[in-house]
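Contents: one structure, followed by commentary.
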Amino acid sequence: MILYPMNELLTNVSSRYELVNLVAHRARQLSSEAEREKQPLEEKPVTIALNEARAGLLKPEDEEPEAAPEEPAAPEEEDEAPDEAQSEAE
């Protein structure tokens with residue numbers, strides 16, 4: 001395996017942790033694709049993924065926008081329950 005300077009690998013990612021995750025994820029993708037297509041890889045999947053990262057082909061996916069917080073049940077349903085409890089108590 002070729003050892004690349006870390007500054008070359010970190011040009012498209014913000015941290016080493018993110019780089020490791022991206023390379024590992026891509027290596028698993030390459031491995032599963034090769035297995036599914038029953039074609040041998042010329043190099044190890046991690047080496048291919050590192051080469052892609054160095055070439056700038058491997059970039060972090062855009063973060064998904066945060067999902068809106070779940071809305072509580074319709075106000076009508078919530079309002080009915082306390083009213084019913086009050087009317088039963090009387």
Side-chain angles (χ1 to χ4, degrees):
M1 182 168 77
I2 300 172
L3 298 176
Y4 297 117
M6 188 57 66
N7 62 349
E8 288 181 16
L9 296 172
L10 291 174
T11 56
N12 296 316
V13 293
S14 59
S15 68
R16 292 177 185 209
Y17 177 78
E18 187 175 37
L19 175 68
V20 169
N21 284 327
L22 287 172
V23 169
H25 179 72
R26 180 63 178 143
R28 285 190 299 272
Q29 280 181 334
L30 291 167
S31 179
S32 64
E33 288 173 7
E35 188 176 320
R36 185 176 44 245
E37 295 173 5
K38 296 185 177 159
Q39 295 197 3
L41 294 172
E42 294 179 16
E43 294 181 318
K44 294 189 179 223
V46 173
T47 303
I48 296 169
L50 280 170
N51 289 333
E52 290 178 359
R54 183 174 181 236
L57 302 174
L58 189 60
K59 296 180 183 176
E61 296 176 2
D62 293 279
E63 292 183 14
E64 296 179 16
E66 291 184 22
E70 292 183 26
E71 295 181 18
E76 298 169 6
E77 295 173 10
E78 289 180 5
D79 291 339
E80 290 176 12
D83 292 338
E84 290 175 9
Q86 287 177 356
S87 62
E88 290 176 10
E90 293 176 358

**Q.** Leu10: side chain to side chain contact (heavy atoms under 4.5 Å, CB included) partners, not counting sequence neighbours
**A.** Met6, Val13, Arg16, Leu19
(Q) Considering only residues two or more places apart or on different chains, which pairs with a residue in residues 30-57 satisfy salt bridge (Lys or Arg N to Asp or Glu O under 4.0 Å)? (A) Glu8-Arg54, Arg26-Glu52
Show the nearest heavy-atom pair for residues [X] and [Y], with the distance to one decimal.
X     : Y     : answer
Ala49 : Ala27 : CB-N, 4.0 Å
Asn12 : Ala53 : ND2-O, 4.1 Å
Gly56 : Lys59 : O-CE, 3.0 Å

Q. With the 4.5 Å side-chain cut-off for hydrophobic clustering, are Tyr4 and Leu58 part of the same group?
A. yes
Q. Hey, what else clusters with Val20 if you join Ile, Leu, Val, Met, Phe, Trp, Tyr whenever side-chain heavy atoms sit under 4.5 Å?
A. none
**Q.** Leu30: hydrophobic cluster co-members (side-chain, 4.5 Å)
**A.** Leu41, Ile48
Q: Measure the spacing between CG of Leu22 and CG of Leu50 and express it to the nearest 0.5 Å.
A: 11.0 Å
Q) Got a sec, which residues hit side-chain hydrogen bond (donor to acceptor under 3.5 Å, both in side chains) with Ser14, two or more places apart in sequence or on another chain? A) Glu18
